[in-house]
Amino acid sequence: MPELPEIEVTKRSLFKKINKTKIIDIKIYNKNLRYKITQTFYKNIINQKILNISRRSKYLIFHLKKKILLAHFGMSGKILLIKSSDKQIYKTNFYYDLNFIPKHNHIYFTLNNDFTMVYNDIRRFGFFKIYNTTQINNISFLKNLGPEPLSKKFNIKYFSKCIRRKKNIKNLLMDQTFVSGLGNIYVNEVLFMSKISPLKLCNRLNETDIKKLIFNIKKILKISIHKGGSSIKDYRNALGKTGSFQQFFRVYGQENKNCSRISCKGKIKKILICNRSSFYCNKCQN
DNA sequence: CGGGACTCCTGAGGGC
DNA sequence: TGCCCTCAGGAGTCCC
C-alpha cells in the first residue's frame, strides 16, 4: 500500500481511534517479517500507553510511554482496526473477525478501548522495530531521509542544490535521501503532470522544470491524501475504507492508452528504469 | 557515483 | 483445471 499518502491516511485514522490508548495484549502469529520479531518484543511494549502517532516518510511511528515503535509497510503491509463490540460496522470482510485468524494477519495489538490493531502483510516486506525514546534522533531508518515533500524545506533552493548529479529525474525522485515519501506511482504521475521525461538527466533541468516538479509533487500528494490514498489491489485505511486516487491516475498502469491531454496525440509507454515500471507519454513528456 | 540485476515473499492474471 | 510465466505501492546489496 505504501507511499506517503496511504501512510498518512492510515496514521490519521489510527490517531483518531487509538491515540492515548494502552496496549493490553500482543499476539504474534508470524515473527518472520522483513526483520524477525525479537523475543523481547512483547515485554518491551506491553501495558504501554500510546502517547502520540506520527509519520515520517513512509514510516509510522508510535510514541509509547517508554519506547518508540517504528513500522514500515513494505509493498503489501496494512494496518486494520477491529472493534470487537461493533461487528456490524467493522466486520466488512475477512480481516475483521477476531475469531478467525487469516493467513496474512501477523500481529494483533489489543488496546484498552475495545479496538484491536491488526498488522496484515501478504509479502512480509514490512517490519516493526522497537527503540528507546532516547534514541529517537538516532534511528538509522529515519536519520538519512531527505525532507518531507510537503514541508517548506522541500523548496527550489534545496532542489537546485541536488541536481548537479548526473542521474535521471525518475531515480532522483525515488531516492528517499533526496525527498522522502514518494514511490513509483506518485513519481510517474508527478513527471506526467510536469511534462518531464522520467529519463531526463537532472543536470539538464532548468528552473521552470524544478518549479513545476515541486508544485506538482505537493499538489498530487495533497489531493491523494484528500481522496484517501490509492487503492490498487487492496489498500484500505485503518477503518477498512478504500482510497479513490487511483481513479485519477493519468499514466500509472495506463500503458498503450492515448495521452489524456486533449491537445496531445501521444501514447502512454511503459519502460523499465532500475527494474521499476515507468509510464510516460511519448509526446508531451520531454 | 550511477544504474542494472537480483533479493526478500505471496498472489493475481494471462497464455496455452 | 492446471502449469508456467510475469508482474506488483519498497528497499537493500552486489557488481560493473
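Residue numbers begin at 1 in each chain, while the letters A, B, ... track the order of the sequences. These figures come from a predicted structure and were not determined experimentally.
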**Prompt:** Is there a side-chain polar atom (N or O) of A:Lys58 under 4.0 Å from OP1 or OP2 of C:dA11?
**Reply:** yes

**Request:** Could you tell me if the ring centre of A:Tyr29 sits under 6.0 Å from that of A:His106?
**Result:** no

**Prompt:** Among B:dC6, C:dG9, B:dG11, which is the nearest nucleotide to the side chain of A:Asn275?
**Reply:** B:dC6

**Item:** OP1 or OP2 of C:dG10 under 4.0 Å from side-chain N/O of A:Arg34
**Value:** no

**Asked** Under 4.0 Å between a side-chain N/O of A:Gln176 and OP1 or OP2 of C:dG10, yes or no?
**Response** no

**Message:** Classify the ring geometry of A:Phe279 against A:Tyr252: parallel below 30°, tilted from 30° to 60°, perpendicular beyond 60°.
**Reply:** perpendicular

**Prompt:** Taking the side chain of A:Lys270 as its heavy atoms from C-beta onward, which of C:dC7, B:dG2, C:dG9 lies nearest to it?
**Reply:** C:dC7

**Message:** Distance check, C1' atoms only: C:dG10 and B:dC1, in whole angstrom units.
**Reply:** 22 Å

**Request:** Go through C:dA8, C:dG10, B:dG11 for me and flag the one nearest to the A:Lys103 side chain.
**Result:** B:dG11

**Asked** Within this structure, what is the CD1-to-P distance between A:Ile232 and B:dG13, rounded to whole angstrom?
**Response** 14 Å

**Message:** Of the options C:dA8, B:dG3, B:dT10, whose atoms approach the side-chain atoms of A:Ser277 most closely?
**Reply:** C:dA8

**Message:** Using OP1 and OP2 only, check whether a side-chain N or O of A:Arg276 sits under 4.0 Å from C:dG9.
**Reply:** yes

**Fill in**
Per nearest nucleotide of DNA chain B, the residue lying toward the 5' end, A:Lys166 or A:Lys233, is A:Lys166

**Asked** Given B:dT10, C:dG10, C:dG9, which nucleotide is nearest the side-chain atoms of A:Met174?
**Response** C:dG10

**Request:** Please determine if a side-chain N or O atom of A:Tyr252 lies less than 4.0 Å away from the OP1 or OP2 oxygen of C:dG9.
**Result:** yes

**Request:** Output yes when at least one side-chain N/O atom of A:His104 is less than 4.0 Å from OP1 or OP2 of B:dG11, else no.
**Result:** yes

**Request:** Mind telling me whether A:Phe128 and A:Phe109 have parallel, tilted or perpendicular rings, with 30° and 60° as the class edges?
**Result:** tilted

**Asked** Would B:dG4 be called syn or anti, given that syn covers angles within 90° of 0?
**Response** anti

**Request:** Nearest whole angstrom, please: distance from the P of B:dC9 to the NE2 of A:His106.
**Result:** 12 Å

**Prompt:** Quick one: on DNA chain C, does A:Tyr59 or A:Leu272 contact a more 5' nucleotide (nearest heavy atom)?
**Reply:** A:Leu272

**Item:** Base B:dC9 paired with A:Arg123 side chain (donor-acceptor, <3.5 Å)
**Value:** yes

**Prompt:** Looking at the side chain of A:His72, which of C:dG9, C:dA11, B:dT10 is the nearest nucleotide?
**Reply:** C:dA11

**Request:** Over 60° means perpendicular and under 30° means parallel, so classify the ring planes of A:Phe127 and A:Tyr35, tilted if in between.
**Result:** perpendicular

**Asked** Does any N or O in the side chain of A:Ser151 come within less than 3.5 Å of the main-chain N or O of A:Pro147, such that one atom is a donor and the other an acceptor?
**Response** no

**Message:** In whole Å, measure the gap between the P atoms of C:dG2 and B:dC9 for me.
**Reply:** 26 Å

**Request:** Assess the pair A:Phe178 and A:Tyr158: is the distance between their ring centroids shorter than 6.0 Å?
**Result:** yes

**Asked** Closer than 4.0 Å, any side-chain N/O of A:Asn171 to the OP1 or OP2 of B:dG3?
**Response** yes

**Request:** With P as the reference atom in both, quote the distance from B:dG2 to C:dG9 in angstrom, rounded to an integer.
**Result:** 23 Å

**Request:** Grab the NZ-P distance between A:Lys170 and C:dG10 for me, whole Å please.
**Result:** 9 Å

**Item:** For atom CD1 of A:Ile273 and atom C1' of C:dC7, their distance in whole Å
**Value:** 17 Å

**Face-to-face contact A:Phe125 to B:dC9 six-ring, under 5.5 Å, under 30°** = no

**Request:** Mind calculating the distance between CZ (A:Phe141) and C1' (C:dG10) to the nearest angstrom?
**Result:** 12 Å

